Amino acid sequence: MVANTVLSGPGSDKEVRHIVLSLGDSGIEYQPGDGINVWPVNDPDVVARIIDRLGVAPDTPVADRRTTRALCEALTHGYEVCTAPEDLLRLIACRTGNPELNSLVADDVARDARDAWLAGKDVLDLLEVDRSVVIAPEELIAQLRPLVHRQYSISSSPLVHGSTVHLTMATVRHDGADRRRGGTCSTFVADRRPAGTEVDVFVSANRAFRLPPDDIKAIMIGPGTGIAPFRAFLHERAARRASGGNWLFFGDRHREHDHIYADEIEGFVADGLLSRVDLAFSRDQEHKIYVQDRMREQGAALYAWLSEGAHIYVCGDATRMAPDVDTALLDIIAEHGGLSTTAAHGVVDELRRTKRYVRDVY
């Protein structure tokens, strides 16, 4: 870890960090558009509380399918503890006879209802439903999911940033009834990995999310931390002296606190690398404005860029933003291309097929 700094302003309701990792002599290589996977370590305080609830010693041996190791080691490095698994919910419901829990695990209850009840809870929450219930360590382990890596879009260019790799990471934090909760990987990096410490990582190549040839225009749509790969793209294109135009759509809640990388973006504009920038800060006015609204406002110009062969990239939230951007693009092609909805769908499908419209969403 070379740098671990907060990008978002003090008045933001988010905590976005800029992470710089030195790859040293690891031999790890990457390209703009790739992702980096971080192996997290669970919060030692949460692990200690779970062990205390079980009423056993931290070095109690537990066996799973792979090995036998100390309970503390298994819960710290081997299993997800910051989310509440459905299997554990079912076990607790069976042991306690709790009417609410039994109703949640009934066969005729929709999964959405269970997911809603489990949202924001962790393993300790389930164990605390009834402290009189005895659960053996190996019994608990059997209900938990393996701890897995988390993938983040790389926000640096190897041509510019040498043997380092950069991440743009939102720290997940929320308050429960009795304690502060946090995302497994984001709080591990934010709170327990200062400069000088090490992090286990590996790269995932994303060959479907690559820059176009240097003479081709690129339209980049990445609100919030979705800007990460486009920071990499812009640094790479600057280093390669690419002649193709670049257009960035970025947004978040408040310009004052959430305009991350503002100085770099302004520098890219001043240098002529960024031909156009459209910003959407949703809470800075009474009527919320998002990147898809800016797309529609600039529909004629956006369609002209596409007609000239531009590639379009989207990164960020897969649940709401990406579908809304998809709809906006379809409407723009229909309106400014004078096409029916069916014909516009055909154009979008062709953009996807030829990899001129690609997404990195999560």
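Position 1 is the first residue of the sequence; numbering continues from there. What you see is a predicted model; the values in this text were computed from it and never measured. The figures that follow rest on heavy atoms only: side chains count, while hydrogens, waters and symmetry mates do not.
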Min side-chain heavy-atom separation L248-R276 under 4.5 Å:
no

Are the side chains of T184 and L147 in touch, meaning some heavy atoms are under 4.5 Å apart?
yes

Sidechain N-carboxylate O distance under 4.0 Å for R255, D284:
no

Has D293 got a side-chain atom pairing as donor or acceptor with I289's backbone, closer than 3.5 angstrom?
no

Carefully, step by step, assess R240 and D214 under the rule salt bridge (charged side-chain N to carboxylate O under 4.0 Å, His left out).
CA-CA 8 Å; R240 284 160 47 170; D214 287 350; 2.5 Å; yes

D87 with R145: basic N within carboxylate O range, under 4.0 Å:
no

Hydrophobic cluster identity match, W247 and M220, side-chain contacts under 4.5 Å:
no

Please determine whether a side-chain nitrogen of the Lys or Arg among D324 and R296 lies less than 4.0 Å from a carboxylate oxygen of the Asp or Glu.
no

E86 bridged to R111 by N-O distance under 4.0 Å:
yes

At what distance, to the nearest 0.5 angstrom, does NE2 of H345 lie from OG1 of T341?
6.5 Å

Taking S157's backbone N and O only, do any of them form a donor-acceptor pair with H161's side chain (distance below 3.5 Å, no angle check)?
yes

Roughly how far apart are L234 CG and L274 CG, rounded to 0.5 Å?
5.0 Å

Do the side chains of R173 and D13 get close enough for a salt bridge, i.e. N-O under 4.0 angstrom?
no

Taking 4.0 angstrom as the limit, do R352 and D349 come out as a salt bridge?
yes

Please examine the side chains of R181 and D125, heavy atoms only from C-beta on, and report whether any two atoms are closer than 4.5 Å.
yes

Any heavy-atom pair between the side chains of Y261 and I227 that's under 4.5 Å?
yes

Among Ile, Leu, Val, Met, Phe, Trp and Tyr joined by side-chain contacts under 4.5 Å, find the other residues sharing a cluster with I216 and list them by chain and number.
none

Mind running salt bridge (charged side-chain N to carboxylate O under 4.0 Å, His left out) on R192 and D45 for me, showing each step along the way?
CA-CA 12 Å; R192 303 191 298 282; D45 180 62; over 6 Å; no

Does any part of the side chain of L144, heavy atoms only, come nearer than 4.5 Å to the side chain of L75, both counted from C-beta?
yes

Pair R17 + E15: basic N to acidic O under 4.0 Å
yes

Value rounded to 0.5 Å, distance of OG in S153 from CZ in R231:
13.0 Å

What distance do S156 atom OG and E236 atom CD have between them, rounded to the nearest 0.5 Å?
10.0 Å

Go through the side-chain N and O atoms of S155 and T168 and say whether any donor and acceptor fall under 3.5 Å apart.
yes

So, the side chain of Y313 versus the backbone of R210: is there a donor-acceptor pair under 3.5 Å, distance only?
yes

Quick one: are D252 and I260 in side-chain contact, heavy atoms under 4.5 Å?
no

Would you give the length of the straight line joining atom OG of S8 to atom CD of E256, rounded to the nearest 0.5 angstrom?
12.5 Å

If we ignore hydrogens and angles and just use 3.5 Å, is the side chain of D122 paired with the main-chain N or O of A84 as donor and acceptor?
no

For V134, the other hydrophobic cluster members (4.5 Å side-chain criterion, sorted by chain and number) are none

If you measure from the Lys or Arg side-chain nitrogens to the Asp or Glu carboxylate oxygens, is any gap between D175 and R180 under 4.0 Å?
yes

Specify whether F233 and F230 have parallel, tilted or perpendicular ring planes, treating 30° as the upper limit for parallel and 60° as the lower limit for perpendicular.
perpendicular

Using ring-ring contact (aromatic ring centres under 6.0 Å, His included), reason through H311 and Y357 one step at a time and then give a plain yes or no.
CA-CA 6 Å; H311 289 215; Y357 176 32; over 10 Å; no

Side-chain heavy-atom pair V189, I19 within 4.5 angstrom cut-off
yes

Could you tell me whether a side-chain N or O of T327 sits under 3.5 Å from a main-chain N or O of P323, the two making a donor and an acceptor?
yes

Would Y303 and W305 count as a ring-ring contact (aromatic ring centres under 6.0 Å, His included) here? Give the steps.
CA-CA 5 Å; Y303 182 78; W305 274 50; over 10 Å; no

Verify, without hydrogens or angle tests, whether D34 (side chain) and Y30 (backbone) share a donor-acceptor contact under 3.5 angstrom.
no

Flag for N37-R150: side-chain donor and acceptor within less than 3.5 Å:
no

Lys/Arg-Asp/Glu bridge criterion (N-O < 4.0 Å) met for K355, E350:
no

Would you say I36 and H166 make side-chain contact, with heavy atoms under 4.5 Å?
no

Supply the atom-to-atom distance R294 CZ to Q298 CD, rounded to the nearest 0.5 angstrom.
8.5 Å

Pairing of R69 and D59 as salt bridge, 4.0 angstrom limit
no

